Protein chains: 2
Amino acid sequence: MENQSDNLDGLFQALADPTRRAVVSRLGRGPASVGDLAQPFDMALPSFLKHIRLLEKSGLIRTHKEGRVRTCEIDQRTFHEVEDWLEQQKQIWEGRTDRLERFVTGKDRV
Amino acid sequence: MENQSDNLDGLFQALADPTRRAVVSRLGRGPASVGDLAQPFDMALPSFLKHIRLLEKSGLIRTHKEGRVRTCEIDQRTFHEVEDWLEQQKQIWEGRTDRLERFVTGKDRV
DNA sequence: CGATTGGTTTTCCATTTGGCTAACTTACAT
DNA sequence: ATGTAAGTTAGCCAAATGGAAAACCAATCG
């Protein structure tokens, strides 16, 4: 059943940092430029950019450059992968043996 | 409002590793000893133990030793912290301005 | 044109992470 | 009492992570 973008490692990793979570939260209110996003943080721009790049790689955000400003926005769809995994775990505890659980035990998305 | 165990870093970090997620999945079916848990993995026991310890520190699992065997079990409650954060993010996108969003903007759980 | 703004690349550094082996400590079992 | 089974500790190591500074490039402003 191979899940196309089975990227849970990168996803959880991306969320395991307060700066990155804050960026995600901020982007939840709407798109913003790299500079705007960076402003609240006491961190050099290049350091901050690395977080942005990592978030982008994880799929949690998308970005595009227009002129000299790069705009970032959230990609809600990616959150579903995290939610789905959590949901599957709950299905397991709750002793369900329906299609969902078979999917998990099928060794997809360890 | 200070959330007592505001441990999202550790939580996401703990889940950002396939071995650890697999252990969590396995424990969803019921408690197990360290040895049993380790068995499916091609990894030395001490290496595996570190994963267990990290999961324990994150609060995702609890363990106790009886005789010479240490039994591990999942702590479902801790998952709520992750779910809650995700839920809060969704509340933000969805433009909600109710109590939940104010909680988030209140700068708790960045 | 020249200066400024918004990002970007490169290089560097300390710390953390995830793995290993070797050696040790308790329980149990015989 | 000895041996074995189940963890555990203590080092060790390579790679990844999160940060910084310096220098750079490309738009845009005056």
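A note on names: the letters A, B, ... follow the listed sequences, proteins ahead of strands, and every chain is numbered from 1. This is a predicted model, so every value here is computed, not measured.
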Cluster overlap Leu8(A) with Leu86(A), hydrophobic side-chain contacts below 4.5 Å: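 Yes; Leu86(A) is reachable from Leu8(A) via cluster members.
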Between [N] ([atom2]) and [X] ([atom1]): distance, integer Å:
X: Lys65(A); N: dG6(C); atom1: NZ; atom2: C1'; answer: 7 Å
X: Ile52(A); N: dG6(C); atom1: CD1; atom2: P; answer: 16 Å
X: Leu54(A); N: dT17(D); atom1: CG; atom2: C1'; answer: 9 Å
X: Asp42(B); N: dG18(C); atom1: CG; atom2: P; answer: 17 Å
X: Gln13(B); N: dT16(C); atom1: CD; atom2: C1'; answer: 9 Å
X: Glu66(B); N: dA27(C); atom1: CD; atom2: C1'; answer: 13 Å
X: Phe48(A); N: dA21(D); atom1: CZ; atom2: P; answer: 17 Å
X: Asp17(B); N: dA16(D); atom1: CG; atom2: P; answer: 14 Å

Polar atoms only, N or O, under 3.5 Å: list the protein pairs with nucleotides 9-15 of chain D and their distances.
{"unit_1": "dT9(D)", "atom_1": "OP2", "unit_2": "Arg53(B)", "atom_2": "NH1", "d": "3.4"}

Contact between Leu45(A) and Val34(A) at the side-chain level, heavy atoms closer than 4.5 Å - yes or no?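 Side chain of Leu45(A) against side chain of Val34(A), heavy atoms only: contact under 4.5 Å found.
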Less than 4.0 angstrom between a side-chain N/O of Ser47(A) and OP1 or OP2 of dG18(D), yes or no?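 No, outside the criterion.
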Is His51(A) near enough to dT17(D) that one of its side-chain N or O atoms lies under 4.0 angstrom from OP1 or OP2?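 For His51(A), the contact criterion (side-chain N or O under 4.0 Å from OP1 or OP2 of dT17(D)) is not met.
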Whether Thr78(A) side chain and Gly59(A) backbone form a donor-acceptor pair below 3.5 Å: yes
Sequence neighbours excluded, the answer for side chain to side chain donor-acceptor pair (under 3.5 Å) partners of Arg70(A) is Thr63(A)
For Leu27(B), check side chain to side chain contact (heavy atoms under 4.5 Å, CB included) against everything at least two apart and list the hits.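 With neighbours one apart ignored, the set is Val23(B), Ala32(B), Leu37(B), Ile61(B), Cys72(B), Ile74(B).
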Identified side-chain hydrogen bond (donor to acceptor under 3.5 Å, both in side chains) partner of Gln91(A) from the options Glu94(A), Gln88(A), Glu87(A): Glu87(A)
Students often get this wrong, so: under 4.0 angstrom with heavy atoms, is Ala44(B) touching a base, only sugar-phosphate, or nothing? base
With sequence neighbours left out, what residues match Asp75(B) under salt bridge (charged side-chain N to carboxylate O under 4.0 Å, His left out)? Arg62(B), Arg77(B)
Show me the protein contacts with nucleotides 4-6 of chain D, counting only N or O atoms at under 3.5 Å.
{"unit_1": "dA5(D)", "atom_1": "N3", "unit_2": "Arg68(B)", "atom_2": "NH1", "d": "2.8"}
{"unit_1": "dA6(D)", "atom_1": "O3'", "unit_2": "Arg68(B)", "atom_2": "O", "d": "3.4"}

Met43(B) has a side chain; which of dC20(C), dG7(C), dG19(D) sits nearest to it? dC20(C)
Check the orientation of Trp93(A) and Phe79(B). Use parallel for under 30°, tilted for 30 to 60°, and perpendicular for over 60°.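 Taking Phe79(B) first and then Trp93(A), their aromatic rings stand perpendicular (interplane angle over 60°).
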side-chain hydrogen bond (donor to acceptor under 3.5 Å, both in side chains): which pairs involve residues 37-54 of chain B, sequence neighbours left out?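 Matches after skipping sequence neighbours: Arg20(B)-His51(B).
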